[in-house]
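Okay, structure first, notes after.
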Amino acid sequence: MTNSQAVLTQVRANKRSLRAGLLRWFDHVKRDLPWRRTQDPYAIWLSEIMLQQTQVDRVVPYFERFLARFPTVKDLARAPLDEVLAEWKGLGYYSRARNLHAAAKTIVAEHRAKLPADHAALLALPGFGRYTAGAVASIAFGLKTPLVDGNVARVFARLFVIEGAAGDTQRDELLWSVAERLVEGERPGDFNQALMELGATVCIPNTAPLCLLCPLAKQCGALHAGRVTELPAPKKAAARKSLALAVAVARRKSSVLLARRVDTGLFGGLWELPSTELGADGAASLTGLLGARAKVGAELEVVERTLTHRDLTLHLFPVTLPEKLTAPPAGYTDWRWFEPAEVEGLGISSATRAALDVA
DNA sequence: AATGCGTGGTT
DNA sequence: TAACCAAGCAT
């Protein structure tokens with residue numbers, strides 16, 4: 001018998017008591033979160049997208065503002081992408097906002113402005129992966145669809161002593177098989193949320209899971225084996241790469257020149273100070289970007305930002321340009337002079353915010 | 001399969 | 001303080 005089969009046998013044997021214990025616990029201790037006060041599939045979808053790789057406390061105010069600004073799928077679908085990105089400003093992973101907007105348009109065009117209550121149809125929408133399709137299908141529509149996120153993976157790894165790190169195909173498929181078997185039953189949406197809630201509040205990472213508070217402690221393989229702190233196995237993080245940029249600070253009276261990035265890749269669709277990779281010849285990089293009409297002065301400031309996979313270093317240079325702008329530079333779809341008050345309403349990254357604050 | 005994609009708080 | 005962390009998706 002393989003290790004996976006042993007795990008699934010254990011799942012089958014303990015399913016009833018695990019489900020009952022977890023749901024009873026969830027009903028008592030679940031947090032009062034805004035997206036748990038609604039049954040609107042659109043709002044639940046929005047919460048799931050915002051919560052990807054983002055902590056609950058940080059999402060709450062964005063969720064409230066976004067729903068107030070775009071109350072329905074139709075409102076979202078007919079809004080310009082720039083306004084959607086402006087609401088997303090500072091939340092990170094901006095492709096989520098671009099995909100959300102694109103999916104809203106598809107839902108209006110092909111699903112009569114209602115999210116489809118169908119796992120496969122959800123999975124086909126932009127920004128829906130295996131997790132999000134399972135989450136929306138179960139939480140919004142009550143379908144018995146499994147989900148595995150970082151929390152669930154940690155809970156299962158400990159509960160059933162599942163070895164391996166995230167990204168290990170065999171291990172990840174086993175986690176989904178476990179989830180698929182356990183979600184089969186009453187209240188699938190609550191059950192999935194209970195698993196995640198347990199991982200987020202009790203079966204937490206690092207050295208101190210709160211096992212004394214865990215409703216599943218009696219059945220936990222890692223706890224019995226004294227291996228709670230060593231499961232799940234850590235995944236090796238990829239080394240960050242350095243990216244040095246030459247950044248143009250062009251001012252004209254009270255306004256500043258900003259450019260809108262193309263809709264793909266890093267900070268896609270956001271506005272920023274025009275910039276390009278800093279070459280060995282320093283400030284000359286900006287002449288290459290902006291043309292010979294641009295007069296580049298001595299470096300003003302250096303701003304450092306750390307992203308998950310990048311160490312950004314922004315070298316800010318003063319630039320003078322003619323007021324009348326020609327076509328936007330490479331990598332940008334548009335550029336314009338903005339008054340300071342106008343900048344507040346734009347989609348900009350935190351890195352751009354930091355650069356504007358010191359420039 | 002591995003990499004790119006943000007942010008701010010915690011350790 | 002550098003490393004790690006949080007309800008993943010797209011390519």
Seminar exercise, completed: Picking from B/dT7, C/dG8, C/dC5, the nucleotide nearest the side-chain atoms of A/Pro205 would be C/dC5
Problem set entry | Between P of B/dT7 and CZ of A/Arg240, the distance in whole Å | 14 Å
Exercise. Any idea which of C/dC9, C/dC4, C/dA6 is nearest the A/Gln53 side chain?
Worked result: C/dA6
Problem set entry | Rounded interatomic separation in angstrom, taking CZ from A/Phe128 and C1' from C/dA10 | 15 Å
Problem set entry | 5' precedence on DNA chain B between A/Gly265 and A/Gln55 (nearest-nucleotide basis) | A/Gly265
For this session: Check if the side chain of A/Tyr131 and the base of C/dG8 share a donor-acceptor pair of N or O atoms closer than 3.5 Å.
Result: no
Exercise. Between A/Leu91 (CG) and B/dT7 (P), how many Å, whole number?
Worked result: 9 Å
For this session: Would you mind telling me which of B/dC5, C/dG8, B/dG6 lies closest to the side-chain atoms of A/Asp149?
Result: C/dG8
Exercise. Think A/Arg305 has a side-chain N or O under 4.0 angstrom from the OP1 or OP2 of B/dT7?
Worked result: no
Exercise. With a 4.0 Å cut-off on heavy atoms, is A/Thr306 in touch with a base, just the backbone sugar-phosphate, or nothing at all?
Worked result: base
Exercise. According to the interplanar angle, ranging from 0 to 90°, do the rings of A/Phe160 and A/Phe156 count as parallel (below 30°), tilted (30 to 60°) or perpendicular (above 60°)?
Worked result: tilted
Exercise. Using a cut-off of less than 4.0 Å, is there contact between a side-chain N or O of A/Ser350 and OP1 or OP2 of B/dG8?
Worked result: yes
Exercise. Would one find a side-chain N or O of A/Lys241 under 4.0 angstrom from OP1 or OP2 of B/dT3?
Worked result: no
Exercise. How long is the line joining NZ of A/Lys235 and C1' of B/dT3, in whole Å?
Worked result: 10 Å
Exercise. From the list C/dG8, B/dT7, B/dC5, which nucleotide is the closest neighbour of the side chain of A/Thr308?
Worked result: B/dT7
For this session: Answer with base, sugar-phosphate or nothing: what part of the nucleic acid does A/Leu307 contact at a heavy-atom distance below 4.0 Å?
Result: base
Exercise. What nucleic acid atoms does A/Lys236 come within less than 4.0 Å of, heavy atoms only: base, sugar-phosphate, or nothing?
Worked result: nothing
For this session: Determine whether more than 12 heavy atoms belonging to other residues, nucleotides or ligands lie under 6.0 Å from atom CZ of A/Arg65.
Result: yes
Exercise. Below 4.0 angstrom from OP1 or OP2 of B/dT7, is there any side-chain N or O of A/Tyr94?
Worked result: yes
Exercise. Atom CZ of A/Arg96 to atom C1' of B/dG6: distance rounded to whole Å?
Worked result: 8 Å
Exercise. Given atom CG of A/Asp172 and atom C1' of B/dA2, what is their separation to the nearest angstrom?
Worked result: 13 Å
Problem set entry | Euclidean distance for P, B/dG8 against C/dC9 (whole angstrom) | 23 Å
Exercise. Would a hydrophobic clustering, with Ile, Leu, Val, Met, Phe, Trp and Tyr connected at side-chain separations under 4.5 Å, put A/Leu198 with A/Val228?
Worked result: no
Problem set entry | Nucleotide B/dG6, atom P - distance to NE2 of A/His309 in whole Å | 10 Å
For this session: Flag the pair A/Arg37 and A/Asp32 as a salt bridge only when some basic side-chain nitrogen lies within less than 4.0 angstrom of an acidic carboxylate oxygen.
Result: yes
Exercise. Hey, which of these two, A/Pro234 or A/Val148, hits DNA chain C nearer its 5' end, going by closest nucleotide?
Worked result: A/Pro234
Seminar exercise, completed: Of A/Pro126 and A/Thr54, the one whose closest nucleotide on DNA chain C sits nearer the 5' end is A/Thr54
Exercise. How would you label the contact of A/Arg261 with the nucleic acid (heavy atoms, under 4.0 Å): base, sugar-phosphate, or nothing?
Worked result: nothing
Exercise. Hey, does A/Ile139 reach any base, or is it just sugar-phosphate, or nothing, if we go heavy atoms under 4.0 Å?
Worked result: nothing
For this session: Provide the distance between the two P atoms, one in B/dC5 and one in C/dA6, to the nearest whole Å.
Result: 22 Å
Exercise. If you check the A/Thr169 side chain, which of B/dG6, C/dC9, B/dA1 turns out closest?
Worked result: B/dA1
Exercise. Reckon A/Trp35 touches a base, only the sugar-phosphate, or nothing at all at heavy-atom distances under 4.0 Å?
Worked result: base
Exercise. Between A/Arg261 and A/Trp271, is NZ or CZ placed under 6.0 angstrom from the six-membered ring centre and within 45° of the ring axis?
Worked result: no
Exercise. Just by distance, do the side chain of A/Arg19 and the backbone of A/Glu186 share a donor-acceptor pair under 3.5 Å?
Worked result: yes
Exercise. So what does A/Gly268 hit on the nucleic acid, given a heavy-atom distance under 4.0 Å: a base, only sugar-phosphate, or nothing?
Worked result: nothing
For this session: Assert yes or no for the condition that the ring centre distance of A/Trp35 to A/Phe63 is strictly below 6.0 Å.
Result: yes
For this session: Would you mind reading off the distance between A/Arg154 atom CZ and C/dC4 atom P, rounded to a whole angstrom?
Result: 16 Å
